[in-house]
Amino acid sequence: MSAEPAPSPDVPAIEVVGLHKSFGDLEVLKGVDLTVAPGQVVCVIGPSGSGKSTLLRCVNRLEEPTSGSVRIEGIDILDPEIDLDRVRARIGMVFQQFNLFPHLSVLRNLTIAQRRVLGRGRAEAVEVARHNLERVGLTDKVDAYPAHLSGGQQQRVAIARALSMNPDLMLFDEPTSALDPELVGDVLDVMRDLAHSGMTMMVVTHEMGFAREVGDEMIFMDGGVVVESGRPREVLSDPRHARTRAFLSKVL
């Protein structure tokens with residue numbers, strides 16, 4: 001497989017224009033526009049049912065948009081001729097649930113996609129896996145199975161697995177929402193380190209402190225539209241829209 005050309009720094013990492021998504025008669029996204037620059041951390045907040053997770057899933061076509069356009073590093077991923085798997089290889093995704101293979105060790109969870117999708121040999125895949133387990137502080141868990149790990153550890157393994165595919169950008173769908181409160185901090189620390197390393201990130205989250213500290217932009221969604229966007233500190237401390245103010249009054 002030939003190497004993909006490096007994306008231009010002038011091309012947005014993610015560009016969404018006029019995105020609509022309906023499930024039957026239910027319109028979940030009603031014309032969303034957003035741009036994420038390379039190296040930028042964009043945090044998406046909003047009430048349940050506002051379309052946040054659907055937006056994220058449309059960005060890598062886990063959900064098929066009804067209309068609109070989605071470009072990843074300049075590539076139109078809705079083009080019927082696109083090699084979607086090759087584009088998805090650029091995108092790491094971390095879900096609320098960890099989605100680890102329960103019958104495989106941590107090391108095998110990290111190497112299986114590297115070998116099958118990227119065609120790496122065993123030695124290289126293991127080296128990459130061990131490096132990324134070190135990044136998330138779990139080098140001592142290579143031989144453990146998911147059932148023997150805490151939720152926080154499983155989520156950190158899921159992040160390491162995504163990183164092992166060498167993505168250009170990472171999507172996080174409420175990665176701490178299924179965790180006990182005392183386990184949230186370790187996962188956020190890993191995400192914080194990723195952001196500081198320059199990884200492009202789009203994060204659906206309820207962790208306002210993390211968004212304030214790490215985010216470059218905050219998007220507040222409600223009813224399938226972007227209600228407000230701006231610098232996280234500004235949105236959180238001085239929201240312009242009444243709907244944003246009402247939401248933040250309940251979560252801050």
Side-chain angles (χ1 to χ4, degrees), residues 1-44 46 49-99 101 111-120 125 158-159 161-175 199-204 217 219 221-226 229:
M1 180 182 293
S2 61
E4 293 283 358
S8 165
D10 299 325
V11 174
I14 303 170
E15 187 176 24
V16 175
V17 178
L19 187 65
H20 289 255
K21 174 61 182 177
S22 296
F23 296 95
D25 294 333
L26 178 63
E27 191 176 24
V28 176
L29 299 177
K30 303 175 183 177
V32 173
D33 302 309
L34 68 88
T35 302
V36 181
Q40 191 176 35
V41 179
V42 174
C43 295
V44 184
S50 58
K52 308 182 301 295
S53 293
T54 300
L55 168 62
L56 213 61
R57 293 173 67 86
C58 284
V59 165
N60 67 352
R61 260 182 75 183
L62 287 176
E63 296 288 356
E64 199 71 27
T66 303
S67 63
S69 71
V70 179
R71 290 183 176 271
I72 301 297
E73 299 176 331
I75 299 170
D76 178 6
I77 69 167
L78 304 185
D79 181 345
E81 303 299 318
I82 196 69
D83 185 342
L84 187 58
D85 288 338
R86 293 186 74 172
V87 176
R88 280 198 183 126
R90 301 181 177 197
I91 308 169
M93 180 116 186
V94 178
F95 300 88
Q96 297 178 37
Q97 303 299 330
F98 323 120
N99 293 345
F101 295 113
T111 57
I112 188 169
Q114 291 188 66
R115 300 194 66 187
R116 292 185 179 179
V117 178
L118 300 182
R120 288 176 179 158
I159 294 172
R161 178 178 60 182
L163 291 174
S164 293
M165 303 298 284
N166 291 111
D168 293 343
L169 57 106
M170 292 280 286
L171 308 177
F172 293 88
D173 188 4
E174 299 192 33
M199 176 64 75
T200 305
M201 296 164 59
M202 188 171 169
V203 186
V204 172
E217 183 174 6
I219 291 172
M221 289 186 66
D222 189 36
V225 299
V226 174
S229 63

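Residues: numbered from 1 along the sequence shown.
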Identify every side-chain donor-acceptor pair in residues 75-83 under 3.5 Å, counting partners at least two apart or on other chains, and give the distances.
unit_1	atom_1	unit_2	atom_2	d
D76	OD1	L78	N	3.0
D79	OD1	E81	N	2.8
D83	OD1	D85	N	3.4
D83	OD1	R86	N	3.4

(request) Give the minimum heavy-atom separation between G92 and A162, together with the two atoms involved. (result) CA-CB, 4.2 Å
(request) Evaluate side chain to side chain contact (heavy atoms under 4.5 Å, CB included) for V17 paired with E15, printing each intermediate quantity in order. (result) CA-CA 7 Å; V17 178; E15 187 176 24; 4.2 Å; yes
(request) Determine the minimum heavy-atom distance between A13 and L169, stating which atoms define it. (result) O-CD2, 3.9 Å
(message) Test side chain to side chain contact (heavy atoms under 4.5 Å, CB included) on K21 and V32; report intermediate values, then the result.
(response) CA-CA 10 Å; K21 174 61 182 177; V32 173; over 6 Å; no
(message) Donor-acceptor check, side chain of R88 to backbone of R61, threshold 3.5 angstrom: yes or no?
(response) yes
(message) Within this structure, what is the CE-CE distance for the pair M93 and M165, rounded to the nearest 0.5 Å?
(response) 15.0 Å
(request) Grab the two heavy atoms, one from F98 and one from R161, that are nearest each other, plus how far apart they are. (result) O-NH2, 3.2 Å
(message) To the nearest 0.5 Å, what is the distance between CD1 on I159 and OG on S164?
(response) 12.0 Å
(message) Treating T66 as the side-chain partner and S22 as the backbone partner, does any N or O pair qualify as donor plus acceptor under 3.5 Å?
(response) yes
(request) Measure the spacing between CE of M202 and CG of L34 and express it to the nearest 0.5 Å. (result) 4.5 Å
(request) Start with the C-alpha gap between L171 and I14, add the side-chain angles, then the distance that decides, and say whether side chain to side chain contact (heavy atoms under 4.5 Å, CB included) holds. (result) CA-CA 11 Å; L171 308 177; I14 303 170; 4.1 Å; yes
(message) Using every non-hydrogen atom in the two residues, find where T35 and E217 come nearest and quote the distance to one decimal.
(response) O-OE1, 4.2 Å
(request) Please name the pair of heavy atoms, one in H20 and one in K30, separated by the smallest distance, quoted to 0.1 Å. (result) CE1-C, 3.4 Å
(request) First locate atom CZ of R116, then atom OG1 of T111, and finally report the distance between them rounded to the nearest 0.5 Å. (result) 9.5 Å
Report all side-chain donor-acceptor pairs from residues 51-59 shorter than 3.5 Å, counting only partners two or more places apart or in another chain.
unit_1	atom_1	unit_2	atom_2	d
K52	NZ	G46	O	3.0
K52	NZ	P47	O	3.0
S53	OG	D173	OD1	2.7
S53	OG	D173	OD2	3.2

(request) Measure the CD1-CE distance between I91 and M170 for me, rounded to the nearest 0.5 Å. (result) 11.5 Å
(request) Look up atom OG in S67 and atom CG in L19, then write down how far apart they are to the nearest 0.5 Å. (result) 7.5 Å
(request) Compare every heavy atom of G18 with every heavy atom of D33, then report the nearest pair and how far apart it is. (result) OD1-N, 2.5 Å
(message) With side chain to side chain contact (heavy atoms under 4.5 Å, CB included) as the criterion, how do V28 and E63 come out once you've worked through the C-alpha distance, each side chain's angles and the decisive distance to 0.1 Å?
(response) CA-CA 12 Å; V28 176; E63 296 288 356; over 6 Å; no
